[in-house]
Number of protein chains: 4
Amino acid sequence: MSKKSPLLKIDKEEAIFEAALKIITNKGFHKARMSDIAKQAGISYGLIYHYFKNKESLFDAIIARWWEGLFQCFDEILGTDMPVETKLRKIVDYHLCTYQDSPELVNIFTTEISRSTANLTKDRLDRFKKFISMTESVIAEGQQVGLLRSDYKPRYLTNIFLGALDSFISTMVLAGQKIKGDKQRNTIAESLLEVFLNGAKSR
Amino acid sequence: MSKKSPLLKIDKEEAIFEAALKIITNKGFHKARMSDIAKQAGISYGLIYHYFKNKESLFDAIIARWWEGLFQCFDEILGTDMPVETKLRKIVDYHLCTYQDSPELVNIFTTEISRSTANLTKDRLDRFKKFISMTESVIAEGQQVGLLRSDYKPRYLTNIFLGALDSFISTMVLAGQKIKGDKQRNTIAESLLEVFLNGAKSR
Amino acid sequence: MSKKSPLLKIDKEEAIFEAALKIITNKGFHKARMSDIAKQAGISYGLIYHYFKNKESLFDAIIARWWEGLFQCFDEILGTDMPVETKLRKIVDYHLCTYQDSPELVNIFTTEISRSTANLTKDRLDRFKKFISMTESVIAEGQQVGLLRSDYKPRYLTNIFLGALDSFISTMVLAGQKIKGDKQRNTIAESLLEVFLNGAKSR
Amino acid sequence: MSKKSPLLKIDKEEAIFEAALKIITNKGFHKARMSDIAKQAGISYGLIYHYFKNKESLFDAIIARWWEGLFQCFDEILGTDMPVETKLRKIVDYHLCTYQDSPELVNIFTTEISRSTANLTKDRLDRFKKFISMTESVIAEGQQVGLLRSDYKPRYLTNIFLGALDSFISTMVLAGQKIKGDKQRNTIAESLLEVFLNGAKSR
DNA sequence: GATGAATGAGCTTTCATTCAT
DNA sequence: GATGAATGAAAGCTCATTCAT
């Protein structure tokens, strides 16, 4: 990149990663060219293949980063006795925080995975289902403890919960909006949760 | 009458349309080949170009059908004195009914337009924004008449509403679920609306 | 064409012919589409194939008309005792008169045959060579009777003669100029001939 | 040094250039396939696109080489006090020398540009007109200094001059003739000029 | 005769991937 | 590690030609 301080191996891989994020966000996976990514990363395109097997695996690496963070989030949630409200709040926070840090990562997840049947491999779908069902287990717990109404299937409430969350993010993605600071992030999280909890609360 | 009841002109165009719906749903717009579509429609691929200028305009025709129905739905809603609940219900119904009739159409809208920045042309984005803002006007009306809480921006509530709706559909799309009959459709519509209205109700 | 007076067979063939002239002139043989020609002729494109075997033979028909006129011109020249100046003048006149009547015909001959190796079939080349050699025989006759200098090969003088003639026409073709009336045609013919005869005259 | 002396970058581009010259000469621009050119150049056809944007620009590169040489020739002519005969001789020489070196280049210019309205873009036509008018300025100078007769428009004499020149070359092109050595080239140049100067001389 | 829907070979162009240097 | 020249499969699109009506 710069003449004076050449990137270390790990930095270069990261540079490619970031470049891919940006390009895939802008053009979509199919229209993103390896040469675009290389140019964005400031390297020759042949070099990408030293760090990533091919375009697909570069894509997988991106998706993996999303899932790793998310599943780690669930590790801190599942099987604990923290209140259901807090668990849901943590799920919301993971989405919003990641969006704050790397809107592109969330965008790619939203556009290329969570909505696209086209890019779905077996692996990707499995992880997606796992995510849904882990969320559903939190919702179900909420029904068991009497926080959420039990007259709807947990899957329905899960859909509504994740849908509202996803919609916020998608709208911001489409509009190119950034979350400005932690305060705005909190407002969004709170209104999201409150409407959901209120709407779905047991009575 | 005829030996094997050949398709009329309009039917042939419709056959291509349906084939495109199916193929694009399965493979996504970019991986969908014109030759796939032709094969699915049972015609030679050169013929597609008699009915549609190119791949893009075939795609546009698909999207147009979605928007036409939706905007017609809004024509019946906006500027009338029907209750806000009914208006929201009609929006939900349009989505679910269309999904019932043609899951592929809804799928394509969901995956290729409402979530994808890559396929967004100016025209497509404009229609999308129009849709959001018409929905928002219904939500805002709900706030004015005291049905919905006014301490959130109408745009927030709109996101939550559309997000929940969209999520239901996306989940069904991903899982390949069909809506089985009008009864199930009603159940979904009602639970969706009730949770939203309850969660967002003024107090 | 018109509802009231449908074209006779011969007229329709002529209409196609004229349309082909115009389209090929404008776009060149390769870019001229049969559908362009049909549209120009006011008929459906399938009908062209009732009158002409295929695109190539339509092209041949055009070229044939040129050659027929030209060879008829030579029939009136060769083997007669008319002065060489008159003979040359007749060759010039054929070119200019045809250009006056149908600039497109001359244009096609000039651009697609007399200059293009690409469109040269054996047949076409043979007729072209025949044309050159008949002209050369007139030039040679001029040398024998002492009108033209004999220290150059007849082929050289032929080239100069035909080149000057061709150049006039090509320039007019490129510039889209028409010959305005017989008077201008005469002026051109005379200056052409005078310069040539004077330059090539025996001394 | 190297195992089999691979072509340098510049050589490879030149190889494609030469291959294109040959193929376009044989088949014409429209029938010349990129794959033909690649095969002729001994490379894969994808590689052509590393060196030339597309077929059109490969064509333009060919034409550009012709014009560059020609306009350079005029640079050495215009605005100098060299005799008009010498100037005309230099124009003739450029054509004949180029033909000697690269008959294909001259052929393509002659067949695809100077005679074809089909391949004429605005740019190409402009350069062509520039060429005509620079020649005309030399002719006009000849009229002013009393070398050439002034009772004809300079444009007429220009047509005759360029026509004779062009015709020689076209005839050789069509017949596949080569200019054998400088001596033959001189003979052609001299006879061409003498006939023209003599025919057009002032008296 | 007349139409234009239907066919499919054939072309240009793109771009992921490889590999010699 | 780094480069970018080289490859060639793959896809969109065109259009001459056929043929059922």
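Below, chains carry the letters A, B, ... as their sequence lines are ordered, and counting in each starts from 1.
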Residues 16-30 of chain A vs side-chain hydrogen bond (donor to acceptor under 3.5 Å, both in side chains), sequence neighbours excluded, gives K27(A)-D36(A)

What distance separates [X] [atom1] from [Y] [atom2], expressed to the nearest 0.5 Å?
| X | Y | atom1 | atom2 | value |
| --- | --- | --- | --- | --- |
| L47(B) | Y45(B) | CG | OH | 12.5 Å |
| D60(D) | D123(D) | CG | CG | 7.5 Å |
| I108(B) | W66(B) | CD1 | CH2 | 11.5 Å |
| I24(C) | L58(C) | CD1 | CG | 5.5 Å |
| E56(A) | F29(A) | CD | CZ | 4.5 Å |

Does anything in residues 24-33 of chain B come within less than 4.0 Å of DNA chain F? Heavy atoms only, and list the residues if so. A32(B), R33(B)

Round to the nearest Å and state the distance from [X] atom [atom1] to [N] atom [atom2].
| X | N | atom1 | atom2 | value |
| --- | --- | --- | --- | --- |
| I16(D) | dA5(F) | CD1 | C1' | 11 Å |
| K55(B) | dA11(F) | NZ | P | 9 Å |
| N54(C) | dT18(F) | CG | P | 8 Å |
| F59(D) | dT13(E) | CZ | P | 14 Å |
| E56(A) | dA16(E) | CD | C1' | 12 Å |
| M34(B) | dG8(E) | CE | C1' | 15 Å |
| E13(B) | dA6(E) | CD | P | 11 Å |
| I48(D) | dT14(E) | CD1 | P | 13 Å |

Please tell me which of the listed nucleotides, [options], lies nearest to the side chain of [X]?
| X | options | value |
| --- | --- | --- |
| S44(C) | dG4(E), dA16(E), dA6(E) | dG4(E) |
| Y51(A) | dT17(E), dT12(E), dA2(F) | dA2(F) |
| L47(B) | dT7(E), dT14(E), dA5(F) | dT7(E) |
| H50(C) | dG1(E), dA5(E), dT17(E) | dG1(E) |
| Y45(D) | dG12(F), dA10(F), dA16(E) | dA10(F) |

Any K12(A) side-chain nitrogen or oxygen under 4.0 Å from OP1 or OP2 of dA2(F): yes

May I ask you to verify if any side-chain N or O of Y49(B) is less than 4.0 angstrom from the OP1 or OP2 atom of dC13(F)? yes

For the pair W67(B) and F109(B), name the ring-plane relationship: parallel under 30°, tilted 30 to 60°, perpendicular over 60°. perpendicular

Using a 3.5 Å limit on both distances, find every run of at least three consecutive Watson-Crick or G-U pairs that involves DNA chain E. E:2-21 with F:2-21

Side chain to side chain contact (heavy atoms under 4.5 Å, CB included) for D126(A) and K122(A)? Distances and angles first, verdict last. CA-CA 6 Å; D126(A) 286 347; K122(A) 178 83 174 59; 2.7 Å; yes

For residues I16(B) and E13(B), determine if any side-chain heavy atom of one lies less than 4.5 Å from a side-chain heavy atom of the other. no

Given the rule in the side chain to side chain contact (heavy atoms under 4.5 Å, CB included) test, do K12(C) and I43(C) qualify, once you have shown the distances and angles that lead to the verdict? CA-CA 9 Å; K12(C) 198 153 290 186; I43(C) 58 165; 4.1 Å; yes

Residue pair G46(D)/G42(B) against DNA chain E: nearer the 5' end by closest nucleotide is G42(B)

